[in-house]
**Student:** 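For reference, the structure I am asking about is given below.
Each chain gets a letter, A, B and so on, in the order the sequences are listed, and its residues count up from 1. What you are looking at is a predicted structure, and each value in this text was computed from that prediction instead of being measured.
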2 protein chains.
Amino acid sequence: MENKIKIHLADDHQVLIDGMLAVLKTNSNFEVVGFSLNGENLVERVAKNGTDILVMDINMPEKDGIQVLREFNEKGFTCKVIVLSSYDDAKLIKEVVKLGASGYLTKQCAGENIIDAIRTVADGEQYFSSTIKDKIFNIFTNNSQNQAMNTEEIISSITARELEILNLISQEKSGKDISEMLDISVNTVETHRKNLMKKLNVKSSVGLVIFAAKHNLIEN
Amino acid sequence: MENKIKIHLADDHQVLIDGMLAVLKTNSNFEVVGFSLNGENLVERVAKNGTDILVMDINMPEKDGIQVLREFNEKGFTCKVIVLSSYDDAKLIKEVVKLGASGYLTKQCAGENIIDAIRTVADGEQYFSSTIKDKIFNIFTNNSQNQAMNTEEIISSITARELEILNLISQEKSGKDISEMLDISVNTVETHRKNLMKKLNVKSSVGLVIFAAKHNLIEN
DNA sequence: TTTTACCTCACTAATTTCAGTTAGAAAAAA
DNA sequence: TTTTTTCTAACTGAAATTAGTGAGGTAAAA
């Protein structure tokens, strides 16, 4: 009989950890050797208990998944990582892949998929869910053949501040209104507006609002 | 045994007439004494064959339902009219009620409802489907206690030309763009824009677009 | 350490939009 | 026939947006 696959789980949601434990217990080839509710000391713990595969969320307190991956690279650890995130943001996927993760699943996936993923990654291959594969494919194709950016990437290139301002614009606020609400200069607001228009490739604030509405970037 | 209720049907869709005939045949108290595929001579025909109740569509070739109702009023005919329309536009309902129709149903209603309506109206009462009642209620309440107009009414107060311009604005067109596309003066376009903003009670073109999107006033 | 990303702000200049008012013409309704 | 609705248009002046450029500061990443 071969050795069991040693798994470490990292997610700030206890219920999810518990659920995963239950799911993974059904497979006698898996052994969960530890779990973490945040990113602190995660790298050390994983290294210490000889983990084969780390199944990790991105959003975690103290230290997020991206930082953990980076640390893995810096310290030259070879533990394989499967990212299990709520988000399927193009920018995030790109980053995660670049940092050498072996797999990426969204939390919409079934427990079945996680088992598949672990098995696949344990065999030395990579595992990405089909929706993620599509995104990667889109990023790749739209990036190389077109000079234009992919909509996915456009959206994920919007910064937090820009999104904030995009929202206010979508609420009929003028530049001046916004500058007062955020306590910044009108010039700054207009710079953001300008940058947004360039990014989203639209001609006016109306274009911004249409784009925002179409891609559910605005609450309301 | 009492007299049968004499009914005349008017609708430009033959299938609908046929369907109604089949439905009304199931009730031995009803007698369809005639039907029309357009509004021409409708008033005369109804008067001639002693119709008790006219079930009429609004959209008809030659002469529409509104004109027919008006004619009834002018000539002092007392035939009761049930309007059966595809639309539940507030303006239309208001108009129809003002012109003295005894009932209003949308074509989404069941055959059952039409039978109910005919029976009710024959008894001298009025019949409006619940959705229509709601609309009337909204118009009434929002009109009297608030000075502001009801959204229903606001929407139906948008003219065809305004809607056209609203659409173009929602496509990122500038005033100049629109003036060239419609071959009218920029001033005119801006007047329309201004009137729209006043009507829809918004502060800017962005507001117009949001309103339009929210109420499905724009195709795309 | 150097680079990159992001937020910040300013200044100019052109263009567009917004607000209020007035008014003519045509068509439809009262 | 008179009134109302709708579309058209012009004018003024204020306010806002758009476009381009340059640049300082901070925090994080390479």
**Student:** Can you tell me how far P of C:dC6 sits from CD1 of A:Ile158, to the nearest Å?
**Tutor:** 11 Å
**Student:** When you measure from the side chain of B:Lys176, which nucleotide among D:dA16, C:dC18, C:dT16 comes out closest?
**Tutor:** C:dT16
**Student:** Would you mind reporting whether B:Thr191 and B:Lys194 have side-chain heavy atoms less than 4.5 Å apart?
**Tutor:**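 Yes. Closest side-chain heavy atoms under 4.5 Å.
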**Student:** Do side-chain atoms of A:Asn73 reach the backbone of A:Leu99 as a donor and acceptor pair under 3.5 angstrom?
**Tutor:** yes
**Student:** Can you measure B:His192 atom NE2 to D:dA10 atom C1' for me and round it to whole angstrom units?
**Tutor:** 14 Å
**Student:** I need the single residue from B:Ile114, B:Val121, B:Ile82, B:Ile118 that forms a side-chain contact (heavy atoms from CB on, under 4.5 Å) with B:Tyr127. Which is it?
**Tutor:** B:Val121
**Student:** Write out all pairs satisfying salt bridge (charged side-chain N to carboxylate O under 4.0 Å, His left out) with one or both partners inside residues 117-126 of chain B, taking only residues at least two apart or from two chains.
**Tutor:** B:Asp116-B:Arg119
**Student:** Tell me which residues in residues 179-186 of chain B lie within less than 4.0 Å of DNA chain D, going by non-hydrogen atoms.
**Tutor:**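 The answer is B:Ile184, B:Ser185.
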**Student:** Nearest whole angstrom, please: distance from the P of C:dA5 to the CD of A:Glu162.
**Tutor:**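 Distance check: A:Glu162 CD to C:dA5 P gives 13 Å.
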**Student:** CZ of B:Arg193 versus P of D:dT17: gap in Å, rounded?
**Tutor:** 13 Å
**Student:** Please report, rounded to the nearest Å, how far the C1' atom of C:dT17 is from the CE atom of B:Met197.
**Tutor:** 7 Å
**Student:** Should we say atom CG of A:Asn49 is surrounded by more than 12 heavy atoms from elsewhere, each under 6.0 Å from it?
**Tutor:**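 Yes, CG of A:Asn49 has more than 12 neighbouring heavy atoms, counting only those of other groups under 6.0 Å.
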**Student:** I'd like to check the side-chain hydrogen bond (donor to acceptor under 3.5 Å, both in side chains) partners of B:Arg193; sequence neighbours left out, ordered by chain and number.
**Tutor:** B:Glu190, B:Ser205
**Student:** Under the 3.5 angstrom rule, does the side chain of A:Glu172 hit a backbone N or O of B:Lys203 as a donor-acceptor pair?
**Tutor:**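 Yes, because the side chain of A:Glu172 sits within donor-acceptor range (under 3.5 Å) of the backbone of B:Lys203.
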**Student:** Looking at residues at least two apart in the chain, or sitting in another chain, which of them share a side-chain hydrogen bond (donor to acceptor under 3.5 Å, both in side chains) with A:Ser185?
**Tutor:**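 Partners of A:Ser185 by the side-chain hydrogen bond (donor to acceptor under 3.5 Å, both in side chains) criterion, ordered by chain and then number, come out as A:Asn187.
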**Student:** Are A:Val68 and A:Val43 side-chain neighbours, meaning at least one heavy-atom pair lies under 4.5 Å?
**Tutor:**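 In short, these two side chains touch, coming nearer than 4.5 Å.
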**Student:** Is A:Lys80 atom NZ crowded by more than 12 heavy atoms from other residues, nucleotides or ligands, each under 6.0 Å away?
**Tutor:** yes
**Student:** According to side-chain hydrogen bond (donor to acceptor under 3.5 Å, both in side chains), who are the partners of A:Asp177, at least two apart in sequence or on a separate chain?
**Tutor:**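 A:Asp177 satisfies side-chain hydrogen bond (donor to acceptor under 3.5 Å, both in side chains) with A:Ser174 once adjacent residues are dropped.
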**Student:** Verify the neighbour count for atom CG of A:Asn41: are there more than 12 heavy atoms of other residues, nucleotides or ligands below 6.0 Å?
**Tutor:**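 Yes, CG of A:Asn41 has more than 12 neighbouring heavy atoms, counting only those of other groups under 6.0 Å.
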**Student:** A:Ile178 has an atom CD1; how far is it from atom C1' of D:dA15, in whole Å?
**Tutor:**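 It is 15 Å, rounded to the nearest whole Å.
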**Student:** Suppose the criterion is salt bridge (charged side-chain N to carboxylate O under 4.0 Å, His left out): which pairs have a residue in residues 41-56 of chain A, not counting sequence neighbours?
**Tutor:** A:Glu44-A:Lys75
**Student:** For C:dT8, does OP1 or OP2 lie under 4.0 Å from any side-chain N or O of A:Thr188?
**Tutor:**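 Checking C:dT8 against A:Thr188, no side-chain N or O comes under 4.0 Å of OP1 or OP2.
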**Student:** For residues 35-65 of chain A, pull every pair meeting ring-ring contact (aromatic ring centres under 6.0 Å, His included), keeping only residues two or more places apart or in separate chains.
**Tutor:**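 Matches after skipping sequence neighbours: none remain.
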**Student:** Any heavy-atom pair between the side chains of A:Val97 and A:Gln126 that's under 4.5 Å?
**Tutor:** no
**Student:** So which protein nitrogen or oxygen atoms get under 3.5 Å of nucleotides 3-5 of chain D's nitrogens or oxygens?
**Tutor:**
none

**Student:** With heavy atoms under 4.0 Å as the rule, sort A:Glu190 into base, sugar-phosphate or nothing.
**Tutor:** base
**Student:** Go through the structure and list residues passing ring-ring contact (aromatic ring centres under 6.0 Å, His included) with A:Phe211, not counting sequence neighbours.
**Tutor:**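 ring-ring contact (aromatic ring centres under 6.0 Å, His included) check on A:Phe211 returns A:His215.
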**Student:** How many Å lie between CD on B:Glu164 and C1' on D:dT6, as a whole number?
**Tutor:** 13 Å
**Student:** Taking side chain as C-beta onward, heavy atoms only, is B:Leu84 less than 4.5 Å from B:Leu105?
**Tutor:** yes
**Student:** For A:Arg161 and B:Ser204, take the nucleotide of DNA chain C holding the closest heavy atom to each; which residue's nucleotide lies nearer the 5' end?
**Tutor:**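 First, find each residue's nearest nucleotide; the 5'-ward one identifies A:Arg161.
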**Student:** Would you tabulate the pairs of protein nitrogen or oxygen atoms and nucleotide nitrogen or oxygen atoms of nucleotides 2-4 of chain C closer than 3.5 angstrom?
**Tutor:**
none

**Student:** Counting primed atoms plus P, OP1 and OP2 as sugar-phosphate and everything else as base, spell out the protein contacts along nucleotides 21-30 of chain C at 4.0 Å heavy-atom distance: B, S or - for each nucleotide, 5' to 3'.
**Tutor:** B-------SS
**Student:** Choosing from C:dC18, D:dT8, D:dA16, which nucleotide comes nearest the side chain of B:Ser205?
**Tutor:**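 Between C:dC18, D:dT8, D:dA16, the one nearest the side chain of B:Ser205 would be C:dC18.
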**Student:** How far does the helix from C:dT1-D:dA30 to C:dA30-D:dT1 bend, going by the axes of its first and last five pairs, to the nearest 10°?
**Tutor:**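 End-to-end axis angle: 50°.
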**Student:** What's the CG-C1' distance between A:Asn187 and C:dC6, to the nearest Å?
**Tutor:** 17 Å
